[in-house]
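Because the structure is predicted, anything quoted here is derived from the model rather than measured.
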Number of protein chains: 2
Amino acid sequence: MSAQPSPSAPRVIDSIVAGVRLHVLREVKDARGDLCVAEVGPDLPFLVRRSFLIYNVPSAELRGAHAHRRCHQFLMAVTGSVRVTADDGTRRETFLLDRPNLGLHLPPMTWGIQDRYSDGAVLLVLASDPYDPADYIRDHADFTRLAGMLAGLHGRFIMSLNDRAEVRETFAAFRLREVSTTYTIARGR
Amino acid sequence: MSAQPSPSAPRVIDSIVAGVRLHVLREVKDARGDLCVAEVGPDLPFLVRRSFLIYNVPSAELRGAHAHRRCHQFLMAVTGSVRVTADDGTRRETFLLDRPNLGLHLPPMTWGIQDRYSDGAVLLVLASDPYDPADYIRDHADFTRLAGMLAGLHGRFIMSLNDRAEVRETFAAFRLREVSTTYTIARGR
């Protein structure tokens with residue numbers, strides 16, 4: 001029986017683009033095959049409700065070119081390489097995904113573009129939400145305007161949502177203050 | 001502007017192995033690249049809390065050879081091909097995953113084996129639970145004994161869980177009867 005190989009340490013690299021992070025995932029290399037893992041909590045800041053694969057993309061093609069209002073995405077080139085550009089309306093950065101253990105987290109309100117698919121490349125996207133056409137922003141001028149508006153919000157608002165990691169992540173750009181509330185179901189029954 | 005291509009209809013093929021299903025996922029084929037999608041609800045009967053990739057596996061190698069007590073898995077050969085054998089302790093079936101839009105759902109208490117990885121094959125596994133060594137059954141005799149015990153359960157039990165699609169799927173082998181209950185938080189406060 002061979003010794004159990006131990007995984008490489010995961011790393012997270014911040015981008016200059018708001019909220020965008022490149023995850024170097026834990027990888028276990030072994031003569032019987034290699035494995036890399038993305039787990040909710042340490043790696044994925046959201047529960048996955050949709051997964052899709054993009055393949056057979058001509059190298060000259062440009063894909064993406066939209067932002068999501070609410071949906072988080074986690075992009076991995078599971079084979080081959082893909083170039084991804086992320087843009088928050090102010091700053092822009094380009095990433096080369098060329099190893100299966102690189103995962104790029106694009107939070108909501110990030111404009112994303114993919115190009116330079118290598119021959120045979122497959123892009124895996126893990127998404128926080130089911131498909132919803134209303135969640136897409138397809139016009140870059142609209143996106144820049146909305147991104148600027150959100151970044152410049154003043155004053156306060158009360159938000160009522162379950163206190164979960166993914167909710168806090170979505171509103172990471174805001175300063176949170178908790179308020180007490182009493183919540184009753186079926187009072188007196 | 002070209003017409004939007006419409007996705008192929010998804011199909012689900014039941015296996016002779018208890019609870020195991022082969023999903024032919026919706027695929028959108030397009031000159032700009034192809035896409036296939038697995039969404040919680042229509043395709044995935046669980047929320048994804050972990051995703052892993054297996055690659056660089058020598059063709060002669062055999063992987064898997066264990067069952068999970070609670071964890072659901074959804075296997076896809078995102079590139080190349082992989083053979084998967086599923087076994088419920090009584091019946092056994094073999095599947096060839098050789099297209100990216102084939103997803104094999106292995107529910108808990110399914111013994112799974114993968115072999116015949118083609119050159120360059122990458123297997124994607126979407127899992128319902130974080131990694132937990134205690135969830136693994138690694139001895140086939142233990143597995144067969146436990147599978148037989150669960151299949152032969154008589155009598156009733158009361159289960160208190162959120163009534164969600166994935167809970168119903170986990171207990172699909174049982175006949176469910178609902179009972180009423182009153183649930184109060186912070187009564188009188």
Worksheet item: Taking A:L25, A:N56, A:L53, A:V37 one by one, which has the highest count of heavy-atom pairs under 4.5 Å against chain B?
Response: A:L53

Discussion item. For the interface with chain B, which of A:G120, A:A60, A:A127, A:P100 has the highest count of heavy-atom pairs at distances below 4.5 Å?
Written reply: A:P100

Is the shortest heavy-atom distance from the side chain of [X] to the side chain of [Y] under 4.5 Å?
X	Y	value
A:Y55	B:C36	yes
B:R63	A:L35	yes
B:R50	A:L44	no

Closest approach of [X] to [Y] (non-hydrogen atoms, all atoms of both residues):
X	Y	value
A:V48	B:V40	O-CG2, 3.8 Å
B:A31	A:P58	O-CG, 3.4 Å
B:R32	A:V57	O-CG1, 3.5 Å
A:S51	B:L124	OG-CD2, 4.5 Å

Hydrophobic clustering (ILVMFWY, side-chain heavy atoms < 4.5 Å, transitive) - are [Y] and [X] grouped together?
X	Y	answer
B:L146	B:I113	yes
B:V24	B:I16	yes
A:F52	A:L106	yes
B:I13	B:V20	yes
B:L123	B:F95	yes

Could you look at [X] and say if it's the side chain, the backbone, both or neither that has a heavy atom under 4.5 Å from chain B?
X	answer
A:L126	side chain
A:V78	both
A:Y131	both
A:E39	both

Worksheet item: How about A:D119: does its CG atom have over 12 heavy atoms from other parts shown lying under 6.0 Å from it?
Response: no

Item to complete: Calculate, to the nearest 0.5 Å, the distance between atoms CZ and CZ belonging to B:R49 and A:F46 respectively.
Response: 13.5 Å

